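Note that the coordinates shown come from a computational prediction; the quantities given were computed from them, not determined experimentally. Order of listing sets the numbers, starting from 1, for every ligand and every atom in it.
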Amino acid sequence: MTLQSVLIANRGEIAVRIIRACRLQGIYTIAIFSSDDTHSLHVKMADECFSLGSGSVQETYLNIPKILEILDKSNADAVHPGYGFLSENAEFAKAVEASGKIFIGPKSEIIDYLGDKIKAKNIAREVGLPVVPGSTGFVHTFEEAKQIAEDIGYPIIIKSAFGGGGRGMERVNSVHTLRSAFEGCQAISEQFFGRKEVFIEKFIKNPRHIEIQFIGDHFGNVIHLGDRECSIQRSNQKLIEEAPSFLDRNIVDELGEKVCDLAKNLGYVNAGTAEFLWKDNHLYFNEINPRIQVEHPVTEMITGIDLVVEQLKVAAGEPLSYKQDEISFQGHAIEFRINAEDPYAQNLPQSGKITQVIIPGGSNVRFDTFIYPQYSIPNHFDSLVGKLIVWGKNREQAILMARNALKELTISGVKTNIELHQAIIETREYQQWLISTGFLNQINITKILRNYEYMKIAAISQVFELFNISQQNIVPEVPKNPIRNMWRESARREQVR
Ligand code: ADP
Ligand code: ADP
Ligand code: MG
């Protein structure tokens, strides 16, 4: 069968992304929106829209009865949940299944199973994937927590068993803060995820975050689409992602195979991601996200495969369009999450009217967004306003592409983290690929932003110098052995510009 119409149970850039994939497949698109999103791009782009009314996220995009009611009223065959919101909500997936419509994702039982991070770790162990050392079940009491912490050794991390989005994680360095962290994590888990169960893991200091993209169909085929590295994070949330990761290709092949085994064991259908932490040549399985991921475009850029289109095809009951040996990887891609937030003020989310947007272009540059000039960013959603994705034939070229694209990208009216990205890519650590999830904590953000400012000023003063020289009709002398440094090169680029 082919899908005729899809309801998109999401907003923002991912709703726009899904509409585009549907259009490629000739599928009619149905958007839902809260009153704050009346002027959002996904509403303008969809073929049909249904209002969720006004109110909090709980009353709108997380309101299962209301969304089911719209689904019933609409002629949609299927629901695409995107990421965040209800994408990992097994109850929602189950209700969609019960209504006779298609949930574009794995079966509700699989979502339910993987939502429990302990169960996911146990099944990973079964296929021979190493997991982060820690408790093998929920930890219910402080005494139990104390014993486990002593067994595995401090520092440890207490995690919500049903958590997500970087929330519900608490690092503990010694027994002195264990009780407050344990009880605090239980309370946050209850508040955000409706389940207070927590578990304990060894805290891995400054690991790298590596993940494998996979997809399965209804015929038992599962393939992987290689790896991504998402080590540049803040508050356990990804900020810059790239593909491939720094890992040796043999290791990735082996890892990919094991992840496919795991997915096959589960009877997994549709797209998913297995996340790992890497430290000192050891890889540890972390969790599986049973949905499309924010950073899926970097995989698309190096494989040439449209992952959302594949999701739609698989959901319609078609077999996967590719076999494992037909997947090849070209070059390097980097994604920058453009957030409306103030990097100078603890990343405080920003809202308000956008006065100007200049979107970078040229070949191998992609910008996925839902903002446009005069659009007002509402204040109670995620701060992600766009994703800049660039491709180069190797990492060095991709960084060069990123430097130019970030310079072109202009968003005025609200503060964004564009300058932070510009500053990060000029650091030695980023350029030499010596990064870890602790990178942004270890460096002084204000300092790298200031260095970036100096770099710009130095570039401008060199332009003035050149201008003065050319006024005097003197050809500037080119040094015999020009010292290749960041400032000089940036000044040269500025001159060319
Ligand atoms: P990804 O895993 O796709 O790289 P994130 O983990 O950053 O992306 O999550 C994607 C989005 O979904 C973010 O906006 C995040 O806040 C949100 N999110 C993820 N998991 C949950 C959850 N369990 N509850 C609420 N929001 C979530
Ligand atoms: P979420 O479901 O919120 O995405 P994850 O378990 O995937 O949570 O962890 C998100 C991030 O938190 C990881 O990418 C990593 O930076 C950090 N993290 C998680 N577990 C550990 C650990 N055991 N040690 C150190 N850092 C961790
Ligand atoms: Mg995660």
*Rounded to the nearest 10 degrees, what's the angle OE1 of Glu275 makes with OE2 of Glu287 at the Mg ion (ligand 3)? Could you check?*
90°
Could you tell me, atom by atom, which parts of ligand 2 come under 4.0 Å of a heavy atom of [X]?
{"X": "Lys117", "answer": "1 (P), 2 (O), 5 (P), 6 (O), 8 (O)"}
{"X": "Lys202", "answer": "22 (C), 23 (N), 24 (N)"}
{"X": "Glu287", "answer": "1 (P), 2 (O), 4 (O), 5 (P), 7 (O), 8 (O)"}
{"X": "Thr437", "answer": "16 (O)"}

*With a 4.0 Å cut-off on heavy atoms, is Lys238 touching ligand 2?*
no
*Can you tell me if Arg171 has a non-hydrogen atom under 4.0 Å from ligand 2?*
no
*When you measure from atom 22 (C) of ligand 2 to each heavy atom in Ile156, Leu277, Thr273, Val132, which option holds the nearest one?*
Leu277
*Per atom 16 (O) of ligand 2, closest listed option by heavy atom (Arg208, Glu211, Gln233)*: Gln233
*Consider only side-chain N and O atoms of Ser189 and Gln186, and report whether a donor and an acceptor are under 3.5 Å apart.*
no
*Does the side chain of Ser231 pick up a donor-acceptor pair with the side chain of Glu229 at under 3.5 Å?*
yes
*Can you see which heavy atom on Glu242 is nearest to which on Val298, and at what distance?*
C-CG2, 4.1 Å
*Partner residues of Tyr113 under the side chain to side chain donor-acceptor pair (under 3.5 Å) criterion, sequence neighbours left out*: none
*For Lys202, all residues meeting side chain to side chain donor-acceptor pair (under 3.5 Å), sequence neighbours excluded*: none
*asked:* Within 45 degrees of the ring normal and closer than 6.0 Å to the centroid, is that where the cationic atom of Arg395 sits relative to Tyr430?
replied: yes
*asked:* For the backbone of Val294 and the side chain of Lys387, can you confirm whether one donor and one acceptor N or O come within less than 3.5 Å of each other?
replied: yes
*Do you know which of Phe246, Trp391, Trp433 makes ring-ring contact (aromatic ring centres under 6.0 Å, His included) with His332?*
Trp433
May I ask you to check whether [X] has an N/O atom sitting below 3.5 Å from an N/O atom of ligand 2?
{"X": "Gly165", "answer": "yes"}
{"X": "Ile204", "answer": "yes"}
{"X": "Met169", "answer": "no"}

